[in-house]
**Q** 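Sharing a structure with you now.
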There are 2 protein chains.
Amino acid sequence: MSNYTVLQNRFTNAFKALSNPNRLALFSRLMNCCAPGTKCDATIAVRFCVGDLGEGLNIAPSTLSHHLKELNRAGLVEMERKGKNVECWVEPEKLKALSSFFQPD
Amino acid sequence: MSNYTVLQNRFTNAFKALSNPNRLALFSRLMNCCAPGTKCDATIAVRFCVGDLGEGLNIAPSTLSHHLKELNRAGLVEMERKGKNVECWVEPEKLKALSSFFQPD
DNA sequence: AGTATAATTCGACATGTTTCGAACTATAGA
DNA sequence: TCTATAGTTCGAAACATGTCGAATTATACT
């Protein structure tokens with residue numbers, strides 16, 4: 001992996017983080033969620049706490065925690081403790097960067 | 001993985017295919033390559049044969065073949081035999097689909 | 001037919017990933 | 001200070017991936 005540029009490694013790690021169905025589901029929720037029937041505002045990051053994010057995914061809390069940590073390490077998801085909870089969100093800038101990877105110069 | 005929709009699985013598989021640095025390099029070449037100093041025409045798919053695509057990557061031919069097969073199975077790269085060679089290319093439509101995954105509705 | 005070039009398949013081995021439960025830490029509130 | 005809730009860390013088991021070399025197939029050319 002050291003034959004590659006920093007940028008190439010960043011994208012490899014980002015896609016690796018999204019290569020697991022549970023992690024992709026978690027990321028999609030953070031990316032797309034807005035109140036039902038409303039338009040998403042792409043300039044604002046929606047926040048979820050860890051527990052709510054894993055709702056309906058049928059994975060153990062330890063697994064959920066592990067996956068979120070992976071998404072965080074890959075730079076895709078931000079995390080911050082707020083009292084008993086840990087809030088997670090996706091920075092809109094990240095989405096732009098990922099989207100533009102697939103748009104050739 | 002059968003808890004997920006067809007679309008979710010398609011994206012998971014696409015990102016899995018791009019989660020290895022060698023495969024990402026191969027895909028990037030197909031995606032971005034155009035004659036040096038020229039503007040890429042995003043509506044036209046550039047074609048490479050397998051051997052040329054692996055140039056400089058320092059992997060065995062069998063490994064190269066394996067990775068291209070993975071990219072093909074994930075639906076990211078098209079392949080077609082042309083005489084002794086096998087040509088590879090990326091359909092511009094695929095890039096649009098991947099790019100728009102990261103653009104929330 | 002025989003040979004050279006391009007690519008694939010196969011089997012093996014080392015390494016990484018996914019998932020869990022049990023034990024642990026952090027915080028808030030009674 | 002005790003208890004409940006929210007998350008994390010750790011170790012283990014099952015499974016998947018990346019890589020190679022050797023053998024094989026496909027095609028073109030002599």
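Numbered from 1 within each chain, the chains take letters A, B, ... in sequence-line order.
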**Q** Quick one: side-chain hydrogen bond (donor to acceptor under 3.5 Å, both in side chains) partners of S100(B), sequence neighbours excluded?
**A**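 S100(B) satisfies side-chain hydrogen bond (donor to acceptor under 3.5 Å, both in side chains) with no residue once adjacent residues are dropped.
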
**Q** Which parts of nucleotides 25-30 of chain C does protein reach within less than 4.0 Å, heavy atoms only, written one letter per nucleotide 5' to 3' as B for base, S for sugar-phosphate only and - for none?
**A** --BS--

**Q** Just to verify, what does F11(A) make a ring pair (Phe, Tyr, Trp, His ring centres under 6.0 Å) with, not counting sequence neighbours?
**A**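 In terms of ring pair (Phe, Tyr, Trp, His ring centres under 6.0 Å), with neighbours along the sequence ignored, F11(A) is linked to F101(A).
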
**Q** Between the protein and nucleotides 17-21 of chain C, list every N/O to N/O distance that falls short of 3.5 Å.
**A**
| unit_1 | atom_1 | unit_2 | atom_2 | d |
| --- | --- | --- | --- | --- |
| dT18(C) | OP1 | N20(A) | ND2 | 3.4 |
| dT18(C) | OP1 | R23(A) | NH2 | 3.3 |
| dT18(C) | OP2 | R23(A) | NH1 | 3.0 |
| dT18(C) | OP2 | R23(A) | NH2 | 3.3 |
| dT19(C) | OP1 | N22(A) | ND2 | 3.1 |
| dT19(C) | OP2 | N22(A) | ND2 | 3.3 |
| dT19(C) | OP2 | H67(A) | NE2 | 2.6 |
| dC20(C) | OP2 | A60(A) | N | 2.9 |
| dC20(C) | OP2 | T63(A) | OG1 | 2.8 |
| dG21(C) | N7 | S62(A) | OG | 3.3 |
| dG21(C) | O6 | S62(A) | OG | 3.0 |

**Q** Please name all residues satisfying salt bridge (Lys or Arg N to Asp or Glu O under 4.0 Å) with K96(A), sequence neighbours left out, ordered by chain then number.
**A**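 Checked K96(A) against salt bridge (Lys or Arg N to Asp or Glu O under 4.0 Å); matches are E93(A).
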
**Q** Mind checking what makes salt bridge (Lys or Arg N to Asp or Glu O under 4.0 Å) contact with R73(B), not counting sequence neighbours?
**A**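 With sequence neighbours excluded, R73(B) shows a salt bridge (Lys or Arg N to Asp or Glu O under 4.0 Å) to E70(B), given in chain and number order.
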
**Q** Measure from the ring center of F102(B) to the ring center of F15(B) and say whether it is less than 6.0 Å.
**A**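 Between F102(B) and F15(B), the centre distance is under 6.0 Å.
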
**Q** Please list every donor-acceptor pair under 3.5 Å in which a side-chain atom of residues 55-67 of chain A meets a protein atom from a residue at least two apart or in another chain.
**A**
| unit_1 | atom_1 | unit_2 | atom_2 | d |
| --- | --- | --- | --- | --- |
| H67(A) | ND1 | R23(A) | NH1 | 3.1 |

**Q** Under a criterion of less than 4.0 angstrom to any heavy atom of chain A, what are the 5'-terminal and 3'-terminal contacting nucleotides of DNA chain D?
**A**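 Here the contact window of chain A covers dT5(D) to dT9(D).
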
**Q** Of all residues at least two apart in sequence or in a different chain, which pass the side-chain contact (heavy atoms from CB on, under 4.5 Å) check with N72(B)?
**A**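 N72(B): side-chain contact (heavy atoms from CB on, under 4.5 Å) contacts with M79(B).
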
**Q** Tell me the bend of the helix from dA1(C)-dT30(D) to dA30(C)-dT1(D) as the angle between end helix axes, each from five pairs, rounded to the nearest 10 degrees.
**A**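 Inter-axis angle at the termini of the helix from dA1(C)-dT30(D) to dA30(C)-dT1(D): 20°.
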
**Q** Any pair with a residue in residues 81-91 of chain B that passes side-chain hydrogen bond (donor to acceptor under 3.5 Å, both in side chains), sequence neighbours left out, goes on the list, sorted by first then second residue, please.
**A**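 Sorted pair list: R47(B)-E87(B), W89(B)-E91(B).
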
**Q** To the nearest Å, how far apart are E55(B) CD and dA6(C) P?
**A**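 In whole Å, dA6(C) P lies 11 Å from E55(B) CD.
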
**Q** My understanding is that only residues two or more places apart in sequence, or in another chain, count here; which of them pass side-chain hydrogen bond (donor to acceptor under 3.5 Å, both in side chains) with N20(A)?
**A**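 Scan of N20(A) (side-chain hydrogen bond (donor to acceptor under 3.5 Å, both in side chains), adjacent residues dropped) gives none.
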
